[in-house]
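Because the structure is a prediction, the values reported are computed rather than measured. Chain identifiers are assigned alphabetically (A, B, ...) following the order of the sequence lines, protein sequences preceding nucleic acid strands; residue numbering begins at 1 within each chain.
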Amino acid sequence: LPTSKVTEYDVDGGKEDLFEVNQAAGLELFEGDILYDEKQGRNS
Amino acid sequence: IIGDEYLWPTTVPYYLEDDLDINAKGVIMKAFEQYRLKTCIDYKPWSGEENYISVFQGNGCYSYVGNRHVGKQSLSIGAGCDQTATIEHEFLHALGFWHEQSRADRDDYVTIMWDRIQGGMEHNFNKYDDTTSSSLNVPYDYDSMMHYSKNAFSKGTEPTIVTKIPAFSDIIGQSLEFSDSDLLKLNRLYNCTRATTFLDTCDFELENICGMIQGQGDKADWEHVTKATGGPDTDYSNMGRCTGTGYFMHFSTISGTEGDTALLESRLLYPNRNYQCLQFFYYHSGNPNDKLEIWVREYNEINPSGTLRMIETITGPPEPLWQLHHVNLDVSTKFRVVFKGTKGAGSSTGGLSLDDINLSETACPEHVWRIKNFKSIMENTPRGTAIHSPRFQSKYGYTFQMSLYPSGTTTYPEYLGAFARLTSGDDMIDSNLTWPCPWMQITMMLMDQNADIRKRMSNQRSITTDPNVKLPGSTMYFWDNPRKVGAQVTDVDGTKYFRGSGYGTYGYLTQARALSRDFIKGGDAIFLLSMEDISNMLLSQPLPSTTVPNTTLPTTTLPTTTLPTTTVPTTTVPTTTVRTIPTHDLCASVKCENDGVCVIDNGVKAACRCAVGNDWWYHGDRCQFKSSNQDGVVMAVVSSVVVFAVMVVVMVVVTVVSVECLKNKYKKKMNDMGAGITTRNVHA
């Protein structure tokens, strides 16, 4: 392909799974992707 | 999670918030369809139910576990989360599932390498005892889409989770689709007896041929065989891998006369939607004039014996290959699917064969890209080299293709890379299309060729043509006419056409995974491709009280979008219509606060219905006040204290007054007697 004109855009940007997405976003969620309600949840 | 209070109704209300990415909205709909196909869990737009799932674009992908009864329960599908598997994962959390490796018995199956976990991240490897979490009598599942990958939260390159059976080391964490065990647990938790959109599957392995019947009034029958004269030599389900199994149905056209027909009719089926997709594998080894037709026999009160209706003729010359076919049906009453084989003119050395039939109330994929000898292509294509599918024309007129890196790229050598591109098509058609191409979602699915559609763990990724995105470092639009922004290429037959830039991922699927399950069958891989217009997703989901279709819509300017690598200035997006409330609507002048919704009371008066939770509620004519159970307790305590205090005061006052009155009374009496009282001992 004449790469000067036709490109490819990687929507993942190198991130493989949702836990990597969350870590890259700086999230520190319970078990990686769980919202935790102290009032209703259990003590971790 | 143990506790009926965490369950949702089997039809879960959802609300897609406006901030969601358009592609994410489309993928959420696809994830819902997988739930409907494989479980009894259905999803419906929120129509005022007390509790519902609000899907929004947060900064990541996350959810609560189970129904928390908080009214509006949030679930985030942020940037990078718009994959079917990720969305299914988050909704499994919402439905009440923890991660697989947090099971009470997980230490029997995996070893957590605590010294390899990033500092402070140990809490991610909690486990729950069997009073909190139930495995629902399903064995530990390395395939689960709720399982972490081996390197989760690792501070280096060494795995944090080591599977006790080494073969599963690279299996864990590869979220493709629901595993068999995921489905078993979900269906057990919600007492599912049937899936919402699944109708039938048949691989013809059992002698009862899934309740199919030989049609009446035909001249010949379909035979239940493991091989047929003239081909095929094996079935498609097992590809002859298992001795004594591997059946399919065959109609031989070697003998008989021209015009002989054989009908194979499915059992009775009861549709819920008025559209279905029939998928099957077909082997044609007869004469080119032999043909297969798909009919439906529909039953209603007028025709209790059923009426036949022709749907489609399967055409094409004989080919030594099990071909995948899709047929769209549009049945809304009780029916049977009828496979009608007809012997054509001329001699035949074979016949027609059928295997792996699946019928579901879903939309059929539009295009099939079959890559023969795929393993060989993976091994022999130079790394960083793409192969391209044929060009496919969508029903909207746009022509597109898929590019695949079978041996990965330098950066991602272990993966398959997959990209979607627009291409030029017919000049006349292209010139009448809207450019840049607006809001078309292209889905690329590597089909797991398991015979049963419910057990398939296919890998799919979708991208959407945002007409506002620009090419990196350019003022030109990414999804503009490929004749304008693409490069001219030459097809294998010498045809020249234009190919636009690719949008997709270099990490589509690991090559190891592509070699597993039934992604490759008979040496071939099958990609299912489709393009769908999802511009309707630009509209806000109607709120319960304001569902007003076909009303006058105002225009709104959307935010501009550019790719991260692009430095060109942003531009204004073309105006887009969004839903609004008609001026005559009584709710137009009423603003309900705090997520309250406006309803028309008795058709004459607008009133706010306020959001309520488990222990709190809003009230007031605009839902402007909030109260909770705690408020009630405080009120009760304060009221009791006040009442008690008032009663004490009243009693003291009454006592004092009574004593004073008595004192005065006796004092007056003694004064009236004129002397003091002489006391004496009256009993002495």
Side-chain angles (χ1 to χ4, degrees), chain A, chain B residues 59-65 68-70 74-76 78-83 86 89-90 93 98-99 102 120-121 123-126 128 132 148-149 152-153 173 175 386 403 411-412 417 419 421 461 463 469 471-472 478 485-487 489 499-507 563-565 614:
Chain A
L1 290 176
T3 50
S4 60
K5 199 168 184 189
V6 175
T7 59
E8 278 163 354
Y9 177 69
D10 186 352
V11 294
D12 290 340
K15 294 179 282 293
E16 292 171 13
D17 63 25
L18 67 95
F19 301 105
E20 288 190 344
V21 170
N22 285 354
Q23 279 200 302
L27 291 176
E28 278 198 33
L29 293 165
F30 187 64
E31 296 188 8
D33 69 333
I34 294 176
L35 285 169
Y36 183 72
D37 185 342
E38 285 291 341
K39 197 175 73 176
Q40 293 187 321
R42 60 193 301 279
N43 189 343
S44 66
Chain B
N59 190 20
C61 343
Y62 48 85
S63 169
Y64 289 95
V65 173
R68 315 305 295 201
H69 294 274
V70 291
S74 298
L75 184 153
S76 169
C81 309
D82 52 350
Q83 302 180 31
T86 300
H89 178 112
E90 296 309 331
H93 278 318
W98 301 104
H99 291 123
S102 66
M121 292 289 170
H123 65 85
N124 290 302
F125 295 86
N126 286 344
Y128 305 109
T132 304
Y148 282 177
S149 64
F153 304 100
S175 297
S403 300
T411 319
Y412 300 97
F419 292 83
R421 304 169 187 278
R461 291 299 298 269
I463 60 96
V469 171
L471 284 163
F478 197 99
V485 296
V489 294
R499 173 183 291 153
S501 295
Y503 211 79
T505 175
Y506 293 110
L563 294 177
T565 51
N614 209 22

| field | Criterion side chain to side chain donor-acceptor pair (under 3.5 Å) on A:E31 and B:Y148, from CA distance to verdict | value | CA-CA 10 Å; A:E31 296 188 8; B:Y148 282 177; 4.9 Å; no

| task | Apply side-chain contact (heavy atoms from CB on, under 4.5 Å) to the pair B:S403 and B:R421, showing each step before the final yes or no. | result | CA-CA 8 Å; B:S403 300; B:R421 304 169 187 278; 2.6 Å; yes

| request: Please step through side-chain contact (heavy atoms from CB on, under 4.5 Å) for the pair B:H99 and B:H89, ending with a clear verdict. | output: CA-CA 9 Å; B:H99 291 123; B:H89 178 112; 3.4 Å; yes

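There is no contact between A:E20 and chain B, counting heavy-atom distances below 4.5 Å. For chain A, the nearby part of B:Y412 is the side chain; its heavy atoms alone come within less than 4.5 Å. Within the 4.5 angstrom heavy-atom criterion, no atom of B:T411 approaches chain A. Residue B:S175: no heavy atom, backbone or side chain, is found under 4.5 Å from chain A.
When ring centroids are compared, A:Y9 and B:F419 stay outside the 6.0 Å threshold. In this structure, the ring of B:F478 has its center less than 6.0 angstrom from the ring center of B:Y503.
When A:L27, A:L29, A:V21, A:N22 are compared by the number of non-hydrogen pairs under 4.5 Å with chain B, A:N22 comes out ahead.
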